[in-house]
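What follows is a set of notes on a single structure, which appears directly below.
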Amino acid sequence: MIDPFGRHITYIRVSVTDRCDLRCVYCMAEDMTFLPKAEILSLEELERMCGAFIGLGVKKIRLTGGEPLVRRNVMQLIENLGRRLGDGLEELTLTTNGTQLARHAAALAAAGVRRINVSLDTLDGEKFTAITRLGRIETVLEGLEAAKAAGLAVKINTVALKGVNEDEIEDLLQWCGSQGFDLCLIETMPMGEIGADRVDQYLPLSLVRARLKRRFTLAETNYRTGGPARYYSVAETGRRLGFITPMTHNFCEGCNRVRLTCTGTLYMCLGQDDAADLRRPLREGTDDAGLIAAIREAISRKPKGHDFVIDRRQDRPAVARHMSVTGG
Ligand code: SAM
Ligand code: SF4
């Protein structure tokens, strides 16, 4: 699949549920309304959808959400997709908040998952509960231990939040080094109403990087994981540090991704509203031809890039849907 700007689409992120056991302040409002079950693709439908994308040249699938591991029987989907590894699919991975990892880490590894992203914004238990509104940090730390024991490579995703965890980023980098984890910092993006002002949360990573350089030796690398992060090696920890900077640096020119929601809507860009309904052809079609035609048509509409801005004069988020809908 090649889009109008010559970019090869080889990576799909699939949100398997919009639900989550946490309510992170930058991601969701406190009183979120979740989708009715009837609108959500079944696990079989999700698998068929992924199969169509693999047939069209997708080599990497990342499952996300909401929290992917709270979807009932999700391991069944992961095991079935794992069987496609080596048969068109090269990598199966997921982004998780880690709360269910202690239960699932071994099965994930057995299914062929090699690397996972775990979101963790702080090492301070009280702050963790404040950021996630519902979580306990111990659950995530236990999950991370299980992931290590299962041999999964872990990358920690941390959203940089002004005045919340900005004083902790050096410690997080050091801690990740001691645990054998890479760290990836993310700028907060204006997605969905969250009942707070984004300007108050937004911390430009250019500033964070400059501060980190005072204490750590960061060297640019060519390492890429197929995602938008730019990586540095950290001499003091021997691990990598990534920066995802949609706000200060546009990462769209190399975009190889599309995103499927749990209702079967395909977003060709995280930061635009244009989308394609793939559930209808999936449910109407008897063979894959209609589905494949709908996917190809959607790819032909992939936009050049997003238009995120965070500005006090902007009274609405850049896109109305929350990150938990499209999946991070
Ligand atoms: N629940 C899983 C988790 O937290 O890892 C997967 C879904 S979550 C939406 C995926 C990633 O998006 C997380 O790393 C989260 O921190 C990030 N995220 C959520 N809302 C965001 C926002 N508005 N700006 C930037 N990153 C965001
Ligand atoms: Fe849930 Fe992940 Fe969003 Fe936090 S960032 S509320 S864990 S979906």
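Note that the coordinates shown come from a computational prediction; the quantities given were computed from them, not determined experimentally. Just so you know, ligand 1 is whichever comes first in the structure, and atom 1 is the first atom listed for that ligand.
The atoms of ligand 1 that sit less than 4.0 Å from any heavy atom of Asn157 are 14 (O). Short contacts between ligand 1 and Thr188, defined as distances under 4.0 Å to a heavy atom of the residue, involve ligand atoms 24 (N), 25 (C). Listed by number with element, the atoms of ligand 1 under 4.0 Å from a non-hydrogen atom of Thr64 are 6 (C), 7 (C). Within ligand 1, the atoms closer than 4.0 Å to a non-hydrogen atom of Gly66 are 1 (N), 2 (C), 6 (C), 7 (C), numbered from 1 in the order shown. Close approach of ligand 1 to Gly65 is summarised as follows: ligand atoms under 4.0 Å from at least one heavy atom of the residue are 7 (C), 9 (C). Proximity to Thr96 (heavy-atom distance under 4.0 Å) selects the following atoms of ligand 1: 2 (C), 3 (C), 5 (O). Interface atoms of ligand 1 facing Cys27, defined by a heavy-atom separation under 4.0 Å, are 19 (C), 20 (N). Under a 4.0 Å criterion applied to the non-hydrogen atoms of Val159, ligand 1 contributes the atoms 16 (O), 26 (N).
Geometrically, ligand 1 and Asp121 share no nitrogen or oxygen pair separated by less than 3.5 Å.
Residue Cys24 does not count as close to atom 1 (Fe) of ligand 2, with no N, O or S atom under 2.8 Å.
Side-chain N/O atoms of Tyr11 and Arg62 include a donor and acceptor closer than 3.5 Å. Between Gln174 and Arg215, the side chains place a donor N or O and an acceptor N or O closer than 3.5 Å (distance only, hydrogens not considered). Neither side chain, Asp182 nor Tyr231, offers a donor N or O lying under 3.5 Å from an acceptor on the other. With hydrogens and angles left out, the side-chain atoms of Asp21 and Thr99 include a donor and acceptor closer than 3.5 Å. In the model, Glu39 has no side-chain atom that pairs as donor or acceptor with a side-chain atom of Thr263 under 3.5 Å.
Taking the ring centroids of Phe216 and Tyr232, they lie at or beyond the 6.0 Å cut-off.
In this structure, Gly66 is part of the shell of residues with a heavy atom less than 4.0 angstrom from ligand 2. Heavy atoms of Ser15 stay at 4.0 angstrom or farther from ligand 1. At least one heavy atom of Glu187 lies less than 4.0 angstrom from ligand 1.
Formation of a donor-acceptor pair under 3.5 Å by the Thr129 side chain with backbone atoms of Arg133 is not found in this model. In this structure, the side chain of Asn97 does not engage the main chain of Glu67 through any donor-acceptor pair within 3.5 Å.
Contact annotation: for Asn117 versus ligand 1, there are no heavy atoms closer than 4.0 Å. If you look at Thr95 next to ligand 1, the close heavy atoms, those under 4.0 Å, come from the backbone and the side chain alike.
Considering Val16, Val14, Asp18 as possible partners of Cys262, the one that fulfils the side-chain contact (heavy atoms from CB on, under 4.5 Å) test is Asp18.
If you check each of Gly135, Gly98, Cys20 against atom 2 (Fe) of ligand 2, the one with the closest non-hydrogen atom is Cys20.
Counting non-hydrogen atoms of neighbouring residues, nucleotides and ligands closer than 6.0 angstrom, the CZ atom of Arg224 exceeds 12 such neighbours.
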